[in-house]
Amino acid sequence: VCDDPNFFIAVEKYLAKYASKEDYKAIISNFSKEHLLEMTKNGQTYNLSFRLIINNMPVYFNVRVNYSSGEYHNYLVICIRNIDERIRKEYELHLQLQKMSEEARIDALTSIGNTTAYEEEKEEIQSWINQGKNEFAIAVCDVNDLKLVNDTFGHQAGDNYLINAAMTIRQLFKNSKAFRIGGDEFIIVLLGDDFVNRDALVNTLKKISLENAKDEIGKKPVIAIGLATLKDVRRKNVEALFYHADMLMYQNKKEIKETK
């Protein structure tokens with residue numbers, strides 16, 4: 001129970017010595033007698049959390065303040081609690097949940113975004129479109145002959161084939177977001193320099209795939225690709241972009257088969 005007129009002077013000196021630098025100004029400005037009286041005058045409880053440096057380590061504390069009026073005296077009732085263990089457990093839980101959330105959006109085989117991540121990305125892309133942004137493109141990719149590789153060499157070989165395809169995409173489209181949305185189907189959202197250089201990048205992937213198609217089946221990934229920008233479609237939405245890119249991808253897929 002605080003009724004010592006020198007209490008706040010002593011607290012200020014203590015905080016100047018032990019409070020973390022990041023929290024000091026906020027504590028001093030919020031822990032004055034006048035501020036606490038203002039914040040608790042209507043019977044409200046005022047809470048303030050901060051860190052003190054103890055043994056060179058930050059330790060979390062919480063101050064809870066209430067105003068109490070009596071027949072002869074009025075008081076500020078101040079309760080200080082060490083909440084360090086609780087805060088650290090909450091932070092660990094937050095990190096675990098964050099990791100689980102991230103893992104839920106990663107394709108387990110190829111380590112790129114999965115269908116869930118792409119569905120979220122679609123909403124983001126549509127918001128760009130609604131805002132009039134157009135410096136991005138969508139590419140649809142299909143890995144040729146996956147079924148043949150699985151049937152001929154087994155599913156482990158098929159998995160390695162998909163992993164190599166994903167690696168090829170990530171190495172070529174370094175500034176873009178890649179997603180695996182089906183067994184052999186990938187989506188690339190081209191951004192930044194990749195968007196600027198989109199034609200060159202698409203042509204490079206086409207050339208790589210044409211060369212790989214001459215090799216033994218399953219040895220190197222053969223990837224068909226089609227790309228669309230907003231200039232290519234009448235309807236300004238994600239579905240129209242996907243449809244146009246998908247159509248061009250199947251054209252490229254046919255071209256690859258014809259050159260074998």
task: Flag yes if more than 12 heavy atoms outside Q131 fall under 6.0 Å of its CD atom; otherwise flag no.
output: yes
- prompt: How about Y243: does its OH atom have over 12 heavy atoms from other parts shown lying under 6.0 Å from it?
  reply: no
- prompt: In Å and rounded to the nearest 0.5 Å, what is the CZ to CG distance from R51 to D84?
  reply: 10.5 Å
message: I'd like to know if K122 pairs up with E119 as an ion pair, taking the criterion as any Lys NZ or Arg NE/NH1/NH2 lying under 4.0 Å from an Asp or Glu carboxylate oxygen.
response: yes
- prompt: Can V233 be reached from I125 by stepping across I, L, V, M, F, W or Y side chains whose heavy atoms are under 4.5 Å apart?
  reply: yes
- request: Identify the two heavy atoms, one from A245 and one from V140, that lie closest to each other, and give their separation to 0.1 Å.
  value: CB-CG2, 3.7 Å
field: Closest non-hydrogen atom pair, V63 against V65
entry: CG1-CG2, 3.6 Å
message: Does this structure show an ion pair linking K41 with E38, if we count only N-O contacts that are shorter than 4.0 Å?
response: yes
- request: Could you tell me whether the side chain of R180 reaches within less than 4.5 Å of the side chain of E185, counting heavy atoms only?
  value: no
message: side-chain contact (heavy atoms from CB on, under 4.5 Å), that's the test. Do Y67 and V77 meet it? Break it down for me.
response: CA-CA 6 Å; Y67 180 77; V77 181; over 6 Å; no
task: Test N114 against R105 for side-chain contact (heavy atoms from CB on, under 4.5 Å), laying out the working first.
output: CA-CA 6 Å; N114 61 13; R105 291 162 175 77; 4.2 Å; yes
query: Backbone N or O of E22 within a donor-acceptor pair of the K25 side chain at under 3.5 Å?
result: no
field: Salt bridge flag under 4.0 Å for residues K207 and E211
entry: no
query: Under a 4.0 Å N-O cut-off, is there an ion pair linking E92 with R88?
result: no
message: With side-chain hydrogen bond (donor to acceptor under 3.5 Å, both in side chains) as the criterion, how do S127 and N130 come out once you've worked through the C-alpha distance, each side chain's angles and the decisive distance to 0.1 Å?
response: CA-CA 5 Å; S127 73; N130 296 342; over 6 Å; no
message: So does V238 get a backbone contact from the side chain of Q126, meaning a donor-acceptor N/O pair under 3.5 Å?
response: yes
- prompt: Side chain of N237, backbone of E239: donor and acceptor closer than 3.5 Å?
  reply: yes
message: Can you confirm whether K206 is buried at NZ, in the sense that more than 12 heavy atoms of other residues, nucleotides or ligands lie under 6.0 Å from that atom?
response: yes
query: Would you say the side chain of D142 lies within less than 4.5 Å of the side chain of I223, judging by non-hydrogen atoms?
result: no
- prompt: Should F173 and L201 be marked as a side-chain contact (heavy atoms from CB on, under 4.5 Å) after you check the CA-CA gap, both sets of side-chain angles, and the distance that decides it?
  reply: CA-CA 7 Å; F173 297 90; L201 291 172; 3.7 Å; yes
task: First locate atom CG of L15, then atom CD1 of I28, and finally report the distance between them rounded to the nearest 0.5 Å.
output: 5.0 Å
task: With side-chain hydrogen bond (donor to acceptor under 3.5 Å, both in side chains) as the test, would you mind laying out the steps for N66 and T40 before giving the verdict?
output: CA-CA 6 Å; N66 291 96; T40 59; over 6 Å; no
task: Report yes or no: do N30 and H35 form a side-chain donor-acceptor pair below 3.5 Å?
output: yes
Closest heavy-atom pair and its distance - F61, V59: CD1-O, 3.4 Å
message: Side chains of L241 and I129, heavy atoms from C-beta outward: is any pair under 4.5 Å?
response: yes
- request: Begin with the C-alpha distance, continue with both residues' side-chain angles, and end with the deciding distance and a verdict on side-chain hydrogen bond (donor to acceptor under 3.5 Å, both in side chains) for D107 and T110.
  value: CA-CA 6 Å; D107 180 61; T110 62; 2.6 Å; yes
query: Is I187 linked to M247 within one hydrophobic cluster, defined over Ile, Leu, Val, Met, Phe, Trp and Tyr using a side-chain heavy-atom separation of less than 4.5 Å?
result: no
query: In Å, rounded to the nearest 0.5 Å, how long is the span from CD1 of I169 to SG of C141?
result: 4.5 Å
- prompt: With no hydrogens and no angle check, do the side chains of D232 and T229 hold a donor and an acceptor under 3.5 Å apart?
  reply: yes
field: Atom pair CD1/CZ of I181 and F186 - distance to nearest 0.5 Å
entry: 10.0 Å
query: Is the backbone N or O of S176 less than 3.5 Å from a side-chain atom of D194, with the two atoms forming a donor-acceptor pair by type?
result: yes
- prompt: Are the side chains of I53 and P58 in touch, meaning some heavy atoms are under 4.5 Å apart?
  reply: yes
query: Taking it one step at a time, do L93 and K89 satisfy side-chain contact (heavy atoms from CB on, under 4.5 Å)?
result: CA-CA 6 Å; L93 178 60; K89 284 183 178 179; over 6 Å; no
- prompt: Is it the case that one hydrophobic cluster holds both I188 and F136, taking links as side-chain heavy atoms less than 4.5 Å apart, direct or via other members?
  reply: no
message: Between Y60 and Y18, is there shared hydrophobic-cluster membership here, with clusters defined by ILVMFWY side-chain heavy atoms closer than 4.5 Å?
response: no
statement: For Y161 and V222 the tightest heavy-atom approach is OH-N, 3.2 Å
query: Are any of the side-chain heavy atoms of V149 and I217 separated by less than 4.5 Å?
result: yes
Beyond-backbone contact of L230 with W128, side-chain heavy atoms, under 4.5 angstrom: no
query: Any idea which heavy atoms bring G113 and A117 closest together, and the distance?
result: CA-CB, 4.1 Å
query: Within 45 degrees of the axis of the six-membered ring of F195 and under 6.0 Å from its centre: does R198 put its NZ or CZ there?
result: yes
query: I225, I163: one ILVMFWY side-chain cluster at the under-4.5 Å cut-off?
result: yes
field: Whether over 12 other heavy atoms sit under 6.0 Å from K254 NZ
entry: no
query: Are the side chains of Y14 and K17 in touch, meaning some heavy atoms are under 4.5 Å apart?
result: no
message: Between P221 and N212, is there a side-chain heavy-atom distance shorter than 4.5 Å?
response: yes
- prompt: Is a side-chain donor-acceptor pair under 3.5 Å present for N62 with R81?
  reply: yes
- prompt: If you take all heavy atoms of N150 and G158, which pair is closest and at what distance?
  reply: OD1-CA, 3.2 Å
statement: One should read off an interatomic distance between E121 CD and F179 CZ, to the nearest 0.5 angstrom, of 4.0 Å
- prompt: Just how far is it from atom CD of E216 to atom OG1 of T152, taken to the nearest 0.5 Å?
  reply: 10.0 Å
